[in-house]
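For reference, positions follow the sequence shown, starting with 1.
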Amino acid sequence: MRWDVGIDLGTENVRMAELKTGPVLEEAAALAFRDGRETPVCGGNAAERLYGRTCMGMSVVRPLRDGVLENSFNADRMFHWLYRRMDTVNPRRRFNALITCAPFARPVQMEALLAAATDAGATSAALVRGDAAAALGAGLDLNAPEAKLVVDVGGGKLSATLFTFGRVAAYGHLPYGMGRIDERVERILRVESGYRIGRTAAREIKHTLGSALPEAAPRDVIMHMTGFSIADRLPRNFDVETKPVLDACEDVVRELAGLCASVVDGAPEELSADLNDTGAVLTGAGAEMTGLDKRIGDALGIPCRVADAPGTCAIRGLHKIMESPDDYPAAFLERRDVSAWR
C-alpha cells in the first residue's frame with residue numbers, strides 16, 4: 001500500500017507530511033466557524049489567534065480533546081482544510097492518508113476518525129500508534145530486541161510505552177496532557193490572586209516560570225502580566241510569582257513520573273535491565289519543560305534524554321512509516337477503504 005499523505009493530528013497542533021517531500025505543514029489544530037455555517041472562516045494559526053477574541057456569532061473549535069476525537073464533524077472539516085493545502089497530491093485524484101492516533105482511543109472514536117478522513121476525500125485511511133511514530137522520529141530502532149522506553153509528553157495526552165522487536169511490551173497513559181497545567185494556572189490565579197487570564201497567557205506563564213524541578217527553580221522571579229481584576233471588574237497589570245506556577249506543574253509532573261515507573265515495573269525483567277543502557281526518551285512538545293528529563297531519569301534510576309525537536313518527532317516518524325510501511329506492521333491500529341465507485 002502506498003501512503004501519500006501523513007497527518008499527525010494532536011490536541012493542540014496538527015502536522016502534515018507528503019511522501020515525496022516529507023513534513024510540509026505545522027499549524028494549530030483549530031478551526032473558526034460562524035454560527036450556522038459548516039465552512040470554517042479560517043483554520044490553523046489564524047484560528048488560534050482568534051481564541052478568546054471571537055466576536056458574537058463565532059467560535060473556535062478543536063477536533064480532539066485529551067488526545068482523542070471529541071467531534072467528528074470538526075475532524076471532517078479539519079481534514080478538508082488540510083487536504084486543500086497539499087502540494088504534491090491533487091485532492092481531486094485518489095490518495096491514501098496515514099494518521100496518528102492515541103492507542104487508548106475507543107474503537108468508535110477510531111472509526112469516526114477514519115470516516116472523517118475518507119469522507120473528506122481520501123481513498124484509504126489508516127491509523128498508526130502515535131507513540132510508535134514518535135519513537136521512530138526520535139531515531140530509535142523499534143525492531144531491535146533491546147527495550148526502548150518512549151515517554152510522549154503532549155498537550156492533550158501523556159503516555160509511556162516500552163517497545164521491543166517492533167511491538168509493545170508495556171504501556172500506560174494518563175487521560176490528560178500538559179494542557180492540564182494551563183488550566184491549573186488559570187484557576188490558581190483566579191482563586192488566590194483574583195485575576196482572570198486566558199489560556200494563551202496561562203501557557204506563556206507555564207513556559208516562562210514552570211519547571212519539573214521545584215527545588216532547583218529560582219523563587220525570586222516575577223513575571224508581569226495583564227489580566228481582568230475580579231474585584232475591580234477592570235483590566236489590571238499584576239505580578240505572577242514562581243511558587244503557584246511550580247505548584248501547578250508539580251501535580252502533573254509527579255503523576256507522569258509515577259506513570260513511567262509503573263510501566264517499567266510491569267515490564268519483563270530482561271527488558272527492564274536493558275533500560276540501564278538504552279534509557280528513556282522524551283518526545284512531544286511538553287518534553288521541553290525545564291528539568292523534566294532529569295526528573296523522569298531520577299524517578300526511574302536510568303538515563304533520560306529529550307529527543308531533538310521533540311514536538312515534530314511524530315510527523316518525522318510517520319514519514320518513515322510512509323516510506324516503508326511493511327517494516328512496521330505492529331504500528332498500525334485500524335484501516336478504512338472506500339468504494340472505488342465513489
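Of the N and O atoms on the side chains of T123 and N96, not one donor lies less than 3.5 Å from an acceptor on the other residue.
Residue-environment remark: CG (D298) exceeds the threshold of 12 foreign heavy atoms within 6.0 Å. The number of heavy atoms from other shown groups lying within 6.0 Å of CZ (R236) is above 12. For Y51, the OH atom counts as loosely surrounded, since its 6.0 Å shell holds 12 or fewer non-hydrogen atoms of other residues, nucleotides or ligands. By the 6.0 Å contact criterion, CZ on R254 is enclosed, its count of non-hydrogen atoms from other residues, nucleotides or ligands being greater than 12. More than 12 non-hydrogen atoms from other residues, nucleotides or ligands lie less than 6.0 angstrom from CZ of R199.
With hydrogens and angles ignored, the 3.5 Å screen pairs no side-chain donor or acceptor of H319 with any backbone N or O of I315. R85 places no side-chain N or O within 3.5 Å of a backbone atom of M16 that could act as its donor or acceptor partner. For the pair R335 (side chain) and A126 (backbone), a donor-acceptor distance under 3.5 Å is absent. Panel note: side chain S324, backbone D327; no donor-acceptor pair is recorded below 3.5 Å. A donor-acceptor contact shorter than 3.5 Å links the side chain of E27 to the backbone of N45. Although no hydrogens or angles enter the test, the distance criterion places a donor-acceptor pair under 3.5 Å between the side chain of K148 and the main chain of E146. Although no hydrogens or angles enter the test, the distance criterion places a donor-acceptor pair under 3.5 Å between the side chain of T118 and the main chain of A115. Without hydrogens or angle criteria, T54 side chain to L50 main chain gives no donor-acceptor distance under 3.5 Å. Panel note: side chain R219, backbone P214; a donor-acceptor pair is recorded below 3.5 Å.
Atoms CD and CZ, on E70 and R62 in that order, are 11.0 Å from each other to the nearest 0.5 Å. Note that CZ of F163 is 9.0 Å distant from CG of L140, once rounded to the nearest 0.5 Å. The CZ atom of R336 sits 10.0 Å away from the OG atom of S124 when rounded to the nearest 0.5 Å. In this structure, OG1 in T11 is found 6.5 Å from NZ in K157, a value given to the nearest 0.5 Å. Taking SG from C249 and CZ from R295, the interatomic distance works out to 10.5 Å, rounded to the nearest 0.5 Å. Put simply, CG on L209 and CD1 on I222 are 10.0 Å apart, with the number rounded to the nearest 0.5 Å.
Minimum heavy-atom separation, A248 to I188: CB-CD1, 4.0 Å. The nearest pair of heavy atoms linking L136 to G317 is CB-CA, 3.8 Å. Taking each heavy atom of L282 and C304 in turn, the nearest pair found is CG-SG, 3.8 Å. Minimum heavy-atom separation, N71 to N74: OD1-N, 2.9 Å. The minimum heavy-atom distance linking A201 with M225 is given by the pair CB-CE, 3.6 Å. The nearest pair of heavy atoms linking A112 to S72 is CB-CB, 4.3 Å.
The pair E192-K243 does not meet the salt-bridge criterion, since no charged nitrogen lies less than 4.0 angstrom from a carboxylate oxygen. Comment: K320 does not engage E323 in a salt bridge, judged by the lack of any side-chain N to carboxylate O separation of less than 4.0 angstrom.
Cation-pi geometry between R77 and F33 is not met: the NZ or CZ atom fails to fall both under 6.0 Å from the ring centre and inside 45° of the normal.
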If you apply the rule side-chain contact (heavy atoms from CB on, under 4.5 Å), what do you find for D4 with M86, and how did you get there?
CA-CA 10 Å; D4 306 289; M86 294 188 299; over 6 Å; no
Determine, step by step, whether L333 and R129 satisfy the side-chain contact (heavy atoms from CB on, under 4.5 Å) criterion, reporting the C-alpha distance in whole Å, the side-chain angles of both residues, the deciding distance to 0.1 Å, and the verdict.
CA-CA 7 Å; L333 295 172; R129 292 183 64 106; 3.6 Å; yes
Show your reasoning for whether salt bridge (Lys or Arg N to Asp or Glu O under 4.0 Å) applies to K206 and E186.
CA-CA 10 Å; K206 177 186 68 176; E186 290 183 53; over 6 Å; no
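Relative ring orientation between Y83 and F95 is described as perpendicular, the plane-to-plane angle rising above 60° on a 0-90° scale split at 30° and 60°.
A heavy-atom distance below 4.5 Å is not found between the side chains of R180 and L158. For the pair T242/P218, no side-chain contact is recorded, criterion being any heavy-atom separation below 4.5 Å from C-beta on. Side-chain contact check for Y328 versus V128: every heavy-atom pair is 4.5 Å or farther apart. Inter-residue side-chain proximity for R15 and P23 is flagged as unmet; no heavy-atom pair is nearer than 4.5 Å. F79 is not listed as a side-chain neighbour of P63, based on a closest heavy-atom distance of 4.5 Å or more. A heavy-atom distance below 4.5 Å is not found between the side chains of T161 and D152. Two residues are said to be in side-chain contact when any heavy atoms from C-beta on lie closer than 4.5 Å; L9 and L113 meet this criterion. Considering only heavy atoms from C-beta on, W3 stays 4.5 Å or farther from L19 through its side chain.
Under a hydrophobic clustering in which Ile, Leu, Val, Met, Phe, Trp and Tyr are joined whenever their side-chain heavy atoms come within less than 4.5 Å, directly or via other members, I205 and F228 fall into different clusters. When hydrophobic clusters are built by joining Ile, Leu, Val, Met, Phe, Trp and Tyr residues whose side-chain heavy atoms come closer than 4.5 Å, directly or via intermediates, L246 is not grouped with F238. Residues Y195 and M223 share a single hydrophobic cluster, defined by chaining ILVMFWY side chains whose heavy atoms lie under 4.5 Å apart. Connection of V153 to L213 is not established within any shared hydrophobic cluster, with ILVMFWY side chains joined at heavy-atom distances below 4.5 Å, either directly or through further cluster members. Under the 4.5 Å side-chain heavy-atom criterion for Ile, Leu, Val, Met, Phe, Trp and Tyr, L292 and L174 are members of the same hydrophobic cluster.
Of the candidates L271, L300, L162, V264 forms a side-chain contact (heavy atoms from CB on, under 4.5 Å) with just one, namely L300.
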